Amino acid sequence: MSDGRRMTRRSLATLLSAVAAGVAAPAQAPPAAEADRVEAEAALVRNFQAIQKVDVPQDTEPAFRFQA
Amino acid sequence: MAPLSADVFFSTAVELNQRLVRRDFTAVELARAFGERLEKLGPRYNALALSLREEALRQAHDVDRELKRGRTRGPLQGVPYGVKDLLAVAGRPTTWGAPPFAGQVFSEDAAVVRRLGKRGAILVGKLAMVSLAGGGGYRYAAASLQGAGLNPWDRSRWAGGSSSGSAAAVAAGLTPYALGSETNGSIVTPAAYCGVTGLRPTYGLVSRRGSMPLAWTMDKIGPLAHTAEDCGHVLAAIAGGDGDDPGSAGRPFHFAPQFARAIRDLRIGIAPVDFEVHAAAPMRAALREAVEQFRHMGATIVEMELPDFPYSAVASTIIGAEGATSFAKLIRSAAVETLPDRRQKEGLKAGLRITAADYLQAMRVRRLIQQAMGALMAKADVLLAPARYTVATKVDEALDGGGAAGTGIAAPGFRRLTTAGNLAGLPELVLPCGFAEGLPVAIGLTGKAFSENTLLKLGMEYQRETTHHRRKPAI
């Protein structure tokens, strides 16, 4: 094997990641419905995270009356 | 019979009733005129869900007989109106704006329809709405059985949602007033976009029996009309306790603005940043002018802003969980795929994955929000803010495309006031206050729970001093 054909670890990693990206790209492009599902679930998570940031005193009961 | 003059179509309910009593025309003539106009022009705005003209004419005959005998039943007697298609009308389709429910028929009228019937009001049609009142969220205005609600001021713009048809019908003079519903902005938004007066009542003041349940702890029914005065008369007709609505506050409402506190004794809270930064630039002059008008009327203007809470996250979690529970059967069926908006379908499905712990945590934060709103309203009788911070969006514009991203300004102002008010169950009155780029601009007045008479008094006084609510779109 000549030097020109030798494969270093770095070039092998680059090749494998390029192949992986090339193969995976079509499969990763989500159909529109899948994108909507992902976005809907991501929105839930964002909401939970925002709510969890609120400092709620331990003795706070859930709202059971709905007028201030 | 000579056709009624065009001014009739933009008259208030009070004016129409006065003319009926004077015998300028009969209730049958009025019902026929509005019924025909609604059938003819309603589809132009995708506002009509179902014409009830024949039933209306029968009701109107009865009213004419009563009026001949001198039996009067108040300012709504003989006046046509429409209802959002989430309110049941016995024996006729109630679609909730959604294909899976296109054939749905109930055997009883909604409580509010029955109550208006007792006042002699004439129901001429059911009005289009966003599917399931927007439950699950939606990306496009076209999320409706009738297609996108089109704005009578500019049909390339959205009428707002979810009470799209109700607002468009009033704005275009197709019905003198209409009923809508609000869980989180569904009266406020279309009223503001279409330039009509809208009232979201205090939670529990109006029975929801016979209405589509989206979020039990947040759903309200209220009027959209040409004036605050008409909203008051409609609220007086539909409000009151109902043992069959578990959310009912069991309180009556007497429309008596004359006994509300004098305007010079009222403190109105505003956030200057709303008028200087948050509202779209072309709207600011009209909004500032409205504030000055209230100052001129004698109110004391005080500066404040909303306390810092994740209002939208809390509301979305609560409405998402309650809505997914309410529609669980649909969501788990193949019929959910017939909803027109993909984002709504996925939003509804995702709602089923909200845990009890997440829901209850949102409800705990809601309690803190209620306490904070109570504290805020101890410093001001009324909060005044732009009802919407932009004019009506374009019909094909994505509604979840970052509109909530904000201005990059840290000061919250009252940007989330409508959501905060809905979480706290507070009433809000929307008043047209001018135009920007040819489209309506409106303010919202948020009051303390059960302070509708104060809001309506402010609205009536404001509308005595201004003419924004009298402007008509070119039809």
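A quick note: this is a predicted structure, and the numbers were derived from the prediction, not measured. Below, chains carry the letters A, B, ... as their sequence lines are ordered, and counting in each starts from 1.
To the nearest 0.5 Å, atoms OG1 (B/Thr317) and CG (A/Leu44) are separated by 7.0 Å. With values rounded to the nearest 0.5 angstrom, A/Arg46 atom CZ is found 10.0 Å from B/Ser316 atom OG.
The most heavy-atom pairs under 4.5 Å with chain A, out of B/Met218, B/Gln361, B/Arg366, come from B/Arg366.
Without hydrogens or angle criteria, B/Arg367 side chain to A/Glu61 main chain gives a donor-acceptor distance under 3.5 Å. Side chain of B/Arg364 to backbone of A/Gln58: a donor-acceptor contact under 3.5 angstrom is found.
Open room surrounds CG on A/Asp55; 12 or fewer heavy atoms of other groups in view lie less than 6.0 Å from it. Residue B/Arg353 places its CZ atom among more than 12 non-hydrogen atoms of other residues, nucleotides or ligands, all under 6.0 Å distant.
Taking each heavy atom of B/Val365 and A/Ile51 in turn, the nearest pair found is CG2-CG2, 3.9 Å. A/Ala40 approaches B/Ala350 most closely through the heavy-atom pair CB-CB, 4.0 Å.
Using a 4.5 Å heavy-atom cutoff, the side chains of A/Phe48 and B/Ile354 are in contact.
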side-chain contact (heavy atoms from CB on, under 4.5 Å) assessment of B/Glu346 paired with A/Glu39: CA-CA 9 Å; B/Glu346 297 306 326; A/Glu39 172 48 31; over 6 Å; no
Criterion side-chain contact (heavy atoms from CB on, under 4.5 Å) on B/Leu368 and A/Thr60, from CA distance to verdict: CA-CA 8 Å; B/Leu368 299 182; A/Thr60 304; 4.0 Å; yes
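Neither the backbone nor the side chain of B/Tyr359 has a heavy atom closer than 4.5 Å to any heavy atom of chain A. Heavy atoms of A/Gln49 lying under 4.5 Å from chain B are absent altogether.
Across B/Arg139, B/Lys349, B/Gln344, a single residue satisfies side chain to side chain donor-acceptor pair (under 3.5 Å) together with A/Asp36, and that is B/Arg139.
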